[in-house]
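Read the structure below first, then the notes.
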Amino acid sequence: MSDFILEATDIRKTFGKGDRAVKAVDGISVRIRRGKTLGILGESGSGKSTLGRCILRLIEPDGGTIKFDGKTVSGIPQSQFRPNRRNMQMIFQNPFSSLNPKMSIGEAIEDPMRIWKIGDKESRRKRVTELLDMVGINPRRSAAYPYEFSGGQQQRINIARALSLDPKFIVCDEAVSALDVSIQTQIVNLLMDLQKHLGLTYLFISHNLGVVEYLADDVLIMQHGKLVEYAPTEEIFKNPRSEYTRNLIASVPAMPTAAHLQAKEADRIARGKGLASARSAVAG
Amino acid sequence: MSPSTTTPGQGPGAPGADLASGFPAAGSDPSDEMSVPQYGGMAGLRRDWRRFRRNKLAVAGLAYILFLFFIAFTADWVAPYHYETTNPPAALESSSVQHWFGTDELGRDMLSRVMYSARNAIVVSFGSVLIGLAVGAFIGAVSGFYGGILDIAVMRVVDIMFAFPQFLLLIILVTAMGRGLGTMFVAIGITSWAGYARLVRGQILSAKNNDYVEAARCLGSGNGHIIRKYILPNIVGPIIVAVSFGVPAGMLAESAMSLIGMGLRPPMPSWGNLISAGMMQMYGFPHLVLWPSLTFGLTLLAFTFVGDGLREIYGKE
């Protein structure tokens, strides 16, 4: 068995034709090790979501090959691809709109198991209870509808649904971007816990550098559908090689911490000294 | 990191927060400790009924409509007379114990004729809605699903249908097909499909772009499952609302056609026929116009109340 659960090579996708063609994904290759997380960073419109959808074949890529768990899953018809859906799932940005408003959350989580004819009614309901418990939602509320939950809870329900088929690989498409900062932390921690316990592999798409730095093992940075930088997380954040990455990291608005303020003060003094020495040089 | 320290809580006040203590320990089964409510089945319908019940006018309208249905379909037994039974000596009587709504110029019992009219009104209006909806929903659904040139072409035809006066088209159709009950609801159905087509198309267009449809596809659902469980339940509300307004519109069209002598063929009674016949002697014998008009007006009002009630439930989520 290959070390990499996912190997996507030279993925390409163009939207539109002629003058208005947009290369949303332009020759991106990624490899993710089992149980690891690859973060994809980029501003809106950089093609990161398209890449995620191409890998899951929710959008048909124009070119490139995708190997999942050692098997080539690109270039085959959707009907042959379909069995792979059990192993690869997605969590969406908007927790409310990705839940069917006409299904109670219990039905929503049970539905994938019904599609795949897993177990009988009783064992499926037991599994629903287990899953809700796992994501921190009271299983007694399984008859409630999505609008009865807060955004954070809805995202937990989405996570439970994605886990219902025991997938190996999950694409998180801006999975915490629509949530409050405090809830974001909870969901990110939940995702990391689940990864540890279930051995999940994540492709974590985000524009939030802090979150990606926190949970990704490797980071891929995209701009206008092209690869900018692809390296282990630490290296990217400590030692960014491209101008774009440096700008991206510098553009994060951060609350000034004590350390920040000290550094700033030191910087100011250093500059003052520089100025003073320049003056004395002119005078001298 | 132990699970108990890393499992996030749900924030203050979240009911599940204290119960969800993280991952179930090996061997423990959470369903042992707590009973899980049943979900699915009729739960959604019960919830809708609870919300509908809050609107007293809508409930009253529904009660009236159910009563009208009962009368209409048991008219053969409930009505005191047959609608064709004449009794010339008792012509043009006003309300009495024998004839609650009085009699017409041939001595026919007006109450019975109003009752039988209800049956014709219901058959014509529901029949026309069924035809209009079947044709319109199919065309709209195909148009919305597949899009492209087909969609553009279909929607232009719909625009033309909207631009053409419905009444004129009805007259042309009735002239071509001849008067009668069947003609009536087929003609009204044909003239009303465009509205349903436009509605269903719009609903499907917006429903199929929802994230939950993509999520369902990602979970491995086929097209049939997506349409049945994800798209239809979400568009059925607006369709029900449209039907609840389409039925009285059908009744109105039938009565209007009957009023100008192009609807049901007398002696078959229809509210429009009765009003039309009674208008000649309206000043001498106002009961000829009063009772059918009152019944008809109340019926339209009841449908409007029910329609409003349904719109309150399904209009917003």
Side-chain angles (χ1 to χ4, degrees), chain A residues 53 56 58 82-83 85-86 88-90 92-94 97-108 110-112 115-116 125-126 128-130 132-145 147 150 152-153 156 158 161-162 164-165 182-183 185-187 189-190 192-193 196-197, chain B residues 1-11 13-24 28-41 43-44 47-48 207 209-223 225-226 229-237 316-317:
Chain A
R53 282 173 166 76
L56 293 181
L58 291 170
R82 201 171 152 254
R85 296 231 176 267
R86 280 181 69 162
M88 42 206 329
Q89 277 308 315
M90 182 152 176
F92 294 82
Q93 171 166 18
N94 185 332
S97 73
S98 45
L99 289 167
N100 183 350
K102 295 289 175 203
M103 271 189 187
S104 67
I105 61 155
E107 285 175 276
E110 192 188 331
D111 195 52
I115 296 168
W116 292 99
R125 298 224 161 178
K126 214 161 141 187
V128 169
T129 309
E130 215 174 274
L132 282 172
D133 213 43
M134 203 185 272
V135 297
I137 298 282
N138 186 347
R140 283 171 205 252
R141 300 191 67 196
S142 54
Y145 284 80
Y147 67 88
S150 70
Q153 289 175 318
R156 288 165 189 273
N158 278 307
R161 182 180 61 182
S164 62
L165 296 171
S182 58
I183 309 291
T185 317
Q186 291 178 9
I187 299 292
N189 284 334
L190 173 66
M192 290 178 84
D193 269 3
K196 227 177 92 176
H197 281 78
Chain B
M1 280 202 296
S2 81
S4 58
T5 57
T6 54
T7 300
Q10 283 180 284
D18 50 334
L19 283 151
S21 56
F23 295 90
S28 93
D29 176 5
S31 62
D32 288 346
E33 302 136 37
M34 52 183 89
S35 66
V36 176
Q38 291 298 299
Y39 50 81
R47 178 177 59 124
D48 291 346
N209 284 328
N210 269 315
D211 283 349
Y212 55 78
V213 171
E214 194 176 23
R217 185 154 284 136
C218 188
L219 290 158
S221 320
N223 277 337
H225 187 81
I226 288 176
K229 301 266 290 194
Y230 291 81
I231 292 183
L232 276 182
N234 284 293
I235 69 169
V236 81
K316 49 181 187 264
E317 189 65 59

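Proteins come first, then strands; the chains are lettered A, B, ... in the order of their sequence lines, and each starts at number 1.
A donor-acceptor pair under 3.5 Å is absent between the side-chain atoms of Asn234(B) and the main chain of Asn100(A), judged by distance alone.
Here the NZ atom belonging to Lys229(B) is positioned 14.0 Å from the NZ atom belonging to Lys102(A), to the nearest 0.5 angstrom.
The choice from Met103(A), Gln93(A), Met90(A) that makes the most heavy-atom pairs within less than 4.5 Å of chain B is Met103(A). Of the listed residues (Ser221(B), Ala215(B), Cys218(B)), the one with the most heavy-atom contacts under 4.5 Å to chain A is Cys218(B).
Residues forming a salt bridge (Lys or Arg N to Asp or Glu O under 4.0 Å) with Arg53(A) (at least two apart in sequence, or on another chain): Asp173(A), Glu214(B).
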Practice item. Starting from the C-alpha separation in whole Å, work towards a yes-or-no answer on side-chain contact (heavy atoms from CB on, under 4.5 Å) for His225(B) and Asp111(A). Key: CA-CA 10 Å; His225(B) 187 81; Asp111(A) 195 52; 3.0 Å; yes

Exercise for review: Could you check Gln89(A) against Leu219(B) for side-chain contact (heavy atoms from CB on, under 4.5 Å), going step by step and ending with a plain yes or no?
Suggested key: CA-CA 7 Å; Gln89(A) 277 308 315; Leu219(B) 290 158; 3.3 Å; yes

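Only the backbone of Met88(A) comes within less than 4.5 Å of a heavy atom of chain B; no side-chain atom from C-beta onward does.
Of all heavy-atom pairs between Leu99(A) and Tyr212(B), the closest is O-CD2, 3.5 Å.
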